[in-house]
Structure formats: structure tokens, C-alpha cells
Amino acid sequence: MRCESEMLDLILAKAIENENIRLVELNGSRVDPQAKTDPFQDYDIVYYVEDMQPFLKNHSWVDYFGERILMQMPDQMVVPPADKTRQSFSYLMLFTDGNRIDLTLTPVTLLKESLNIKEPRKILLDKDDRINTVAITSENPYLISKPDQKAFNDCSNEFWWVSTYIAKALWREELTLAKYLMEGPVRDMLLTMLNWHVGVQTEFTVSTGKGGKHLEQYLEKDLWHKLILTYPNGNYTSMWKALFNMCTLFEEVSVEIGQELNFELADYKKNVLNYLKHIEKLPKNSALIYG
């Protein structure tokens, strides 16, 4: 497996020899001081170029970086659909030595706009000293933001509202829909509330990372254990149990946050939880939910 210095030398050599490439940026985990070093860290590279077309006419130019296991070009895909408004073009490359480069071509005219996006970054090459006139931010985009009352209310409402959809899907034995809702909107709201819990404990100075990947290091052991219990298998009984575990954990953390931040608490738990328990026990041949 090529080491970091070899990979960066390779990436820079291509940029140096090609006059079209004017500036090179490294972002992602390799410039994130909070990220743990491991062999799966990608090389997230941006080549700022004067003209995109010479690169896009023949994609074989990326063969320069090495033999690949697989490559994806998301900006020319139809499933999942590409963002047609995007002016950049990315090559996601996994190489036979285990390295991965996520390489994005971006018009140099978009430099100021791109560099103002909040994320850790390092400029590896600047042929025209352009960054001397552009403000660069290295803020972490996943830094936990302190919620206001409206955000807190909306998070609670979304969690409890969509939980009723999960109950309906479980009763109908629509497993994939139930899992989609549980691991999508409801999970998102639970992780949001847990992030706010971490924010309260750390005065909103840390990040738990994309998808809450660093949550374990910030949550108390009992809360982490409770979170683990919200991940079910494909068994309906397990999914019902996980749903109720999600509700219990969400309520516990939201009450704590409400008290810490002096928020008014909407009383969703009693009514919604009674409804969920009713649906769990509702006979499959029922023509009515109540009555």
C-alpha cells in the first residue's frame, strides 16, 4: 500500500505538470485533527482548473494514479441521479493497493465560493497565489450548533410524528418501509437530540462527526448502551422493541436538554406512546384502529 507521502507526491506531480490545474486542496479526514488515523482514510482532493473540458473528453487520464478496483463518477450517473446544477466533476477511485482518492475538478472561477464552505482544508499547491486574497475557513461543518426553542420543538415533533408511521408499517408487516423510516427520519432526530446532549455537556465546542461517528467517545456509558439497544434486526418483535427503546431514550435526553436550556417541553410522549403500544397489540384482522 502506497504511503501518504507517495500518494501526495503523485497527486501534486500531476498538478504541477498540467498547466490547466492551478490550485490543489486536500480536505476531509486527513486534515481533520479530530479524525483517527487508519488505513481507510481517503485522499479528498480538489483540483481547481481553468478549463474542465480537456479532462472530461477522455476520462482515461485518471489511470495515472494507479490500477483500480473500482471507480465511480457520480456526476454522470442516472441512478442515483446526478446533481445537474453542480459545476464540479468528481472521480471516486479505489485502487488495488487499498488507497482511495476522491478527486474533484472545480472551475477556478468558483474558488472563493468553494473555500468559504466551512470544512477543514489544506492548500497543497497554489500556482497563482490566489488564496492570499481569499478568506479560508477551517471550521468543522459538523460542529454541534446550539438549538433554539423552534429547532427543539421541530425535532421532537418530527421524531414522535414519524414514529407513528413506523408502527403502521410494522402492523402491516411492511418491513423495508419500517426499517427505512426507523433508520431515516426517526434515527436522524434521535441522533440530533443526542448531539445536543453532547453540545450541552461540552458548551457546543465539539463535533461528533458525520453520522455521529464520534458519539461513543462523548456519551455516558449508560446512554451509549441505550443507543445500541435501538438498533434492531429484521425480526418484527425486535423492531417493536427497538422502537420503544428509541422513544424512551429520546424522551430521557429531550427532557434533560429542555431543562438545561430552559425550553418549554411539548408533551408528546404519553399520547404517542399509548398509540404505539395500542398498534403493537392490534389484531391483524382489525377493521378499526379504535372501537
Side-chain angles (χ1 to χ4, degrees), residues 28-29 35-36 40 42 72 74 77 79-83 92 102 140-145 147 151-199 206-257 266 268-269 271-282 284:
S29 65
K36 293 181 179 179
F40 289 96
D42 305 337
Q72 183 180 99
M77 296 176 71
V79 179
D83 180 0
L92 313 182
D102 289 356
N140 192 320
Y142 299 108
L143 192 68
I144 302 169
S145 298
F152 180 78
N153 289 349
D154 288 351
C155 179
S156 297
N157 183 273
E158 175 76 352
F159 176 89
W160 291 106
W161 177 255
V162 183
S163 69
T164 66
Y165 287 50
I166 297 174
K168 178 169 63 174
L170 290 174
W171 184 84
R172 289 174 170 172
E173 295 189 351
E174 298 169 337
L175 187 143
T176 55
L177 176 59
K179 289 285 285 183
Y180 169 80
L181 295 168
M182 182 175 287
E183 299 306 328
V186 172
R187 177 75 61 194
D188 288 347
M189 293 305 99
L190 177 58
L191 293 180
T192 295
M193 196 63 73
L194 287 169
N195 272 329
W196 288 340
H197 169 79
V198 171
V206 303
S207 164
T208 61
K210 183 178 182 180
K213 61 184 179 181
H214 303 307
L215 260 176
E216 184 176 7
Q217 72 184 70
Y218 292 109
L219 286 181
E220 298 88 337
K221 288 184 178 180
D222 65 317
L223 284 184
W224 178 252
H225 178 68
K226 291 175 182 177
L227 177 60
I228 291 174
L229 296 178
T230 67
Y231 290 91
N233 58 29
N235 174 277
Y236 284 108
T237 299
S238 171
M239 292 178 70
W240 274 112
K241 186 174 181 180
L243 175 59
F244 290 125
N245 287 339
M246 292 177 92
C247 292
T248 300
L249 179 57
F250 188 90
E251 178 70 7
E252 176 185 345
V253 176
S254 61
V255 167
E256 176 260 325
I257 293 170
Y268 294 113
K269 178 186 175 183
N271 289 339
V272 178
L273 205 54
N274 285 339
Y275 174 83
L276 299 180
K277 291 178 179 178
H278 178 76
I279 300 303
E280 182 191 21
K281 303 300 181 184
L282 188 68
K284 294 301 180 185

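Along the sequence shown, residues carry numbers from 1.
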*asked:* A side-chain contact here means heavy atoms from C-beta on lying under 4.5 Å apart; do Lys213 and Thr208 qualify?
replied: no

*asked:* Can you tell me how far apart CG (Leu175) and CG (Leu170) are? Round to the nearest 0.5 Å.
replied: 8.0 Å

*asked:* What's the separation between atom CG in Leu191 and atom CG in Asn195, rounded to the nearest 0.5 Å?
replied: 7.0 Å

*Step through the shown structure and confirm whether more than 12 heavy atoms of other residues, nucleotides or ligands are within 6.0 Å of CH2 on Trp224.*
yes

*How far apart are the closest heavy atoms of Pro80 and Met77, and which atoms are they?*
O-CB, 3.6 Å

*Passing option when Met189 is tested against Ser254, Ser163, Cys155, Ser156 for side-chain contact (heavy atoms from CB on, under 4.5 Å)*: Cys155

*Nearest non-hydrogen partners of Leu143 and Val206, listed with the distance*: CD1-O, 3.3 Å

*Mind listing the closest non-hydrogen atom pair of Tyr236 and Glu174 along with its distance?*
OH-N, 3.7 Å

*For the residue pair His197 and Leu219, establish whether any side-chain heavy-atom pair is separated by less than 4.5 Å.*
yes

_Side-chain donor or acceptor of Ser238 paired with backbone N/O of Pro232 under 3.5 Å_ = no

*Are any side-chain N or O atoms of Tyr275 and backbone N or O atoms of Ala167, one a donor and one an acceptor, separated by less than 3.5 Å?*
no

*Do the non-hydrogen side-chain atoms of Glu256 and Trp196 ever get within less than 4.5 Å of each other?*
no

*Quick one: does Leu194's side chain get under 4.5 Å of Val198's, heavy atoms only?*
no

*Spacing of NZ belonging to Lys269 relative to CG belonging to Leu276, to within rounding of 0.5 Å*: 12.0 Å

_Atom pair CE/CG of Met193 and Asp188 - distance to nearest 0.5 Å_ = 13.0 Å

*Taking all atoms of both residues into account, what is the closest heavy-atom pair of Asn153 and Tyr268, and its distance?*
O-OH, 4.4 Å

*Could you give the distance from CZ (Arg172) to NZ (Lys284), rounded to the nearest 0.5 Å?*
10.5 Å

_Leu92 backbone acceptor or donor facing Asp102 side chain under 3.5 Å_ = no

_So Glu280 and Trp171, do their side chains get closer than 4.5 Å, heavy atoms only?_
no

*Is any side-chain heavy atom of Ile279 less than 4.5 Å from a side-chain heavy atom of Lys168?*
no

_Could you measure the distance from the CZ atom of Phe159 to the OG1 atom of Thr192? Nearest 0.5 Å is fine._
11.5 Å

*Between Arg187 (side chain) and Thr230 (backbone), is there a donor-acceptor pair under 3.5 Å?*
yes

*Is any NZ, NE, NH1 or NH2 atom of the basic residue among Glu252 and Lys226 found under 4.0 Å from an Asp or Glu carboxylate oxygen of the other?*
yes

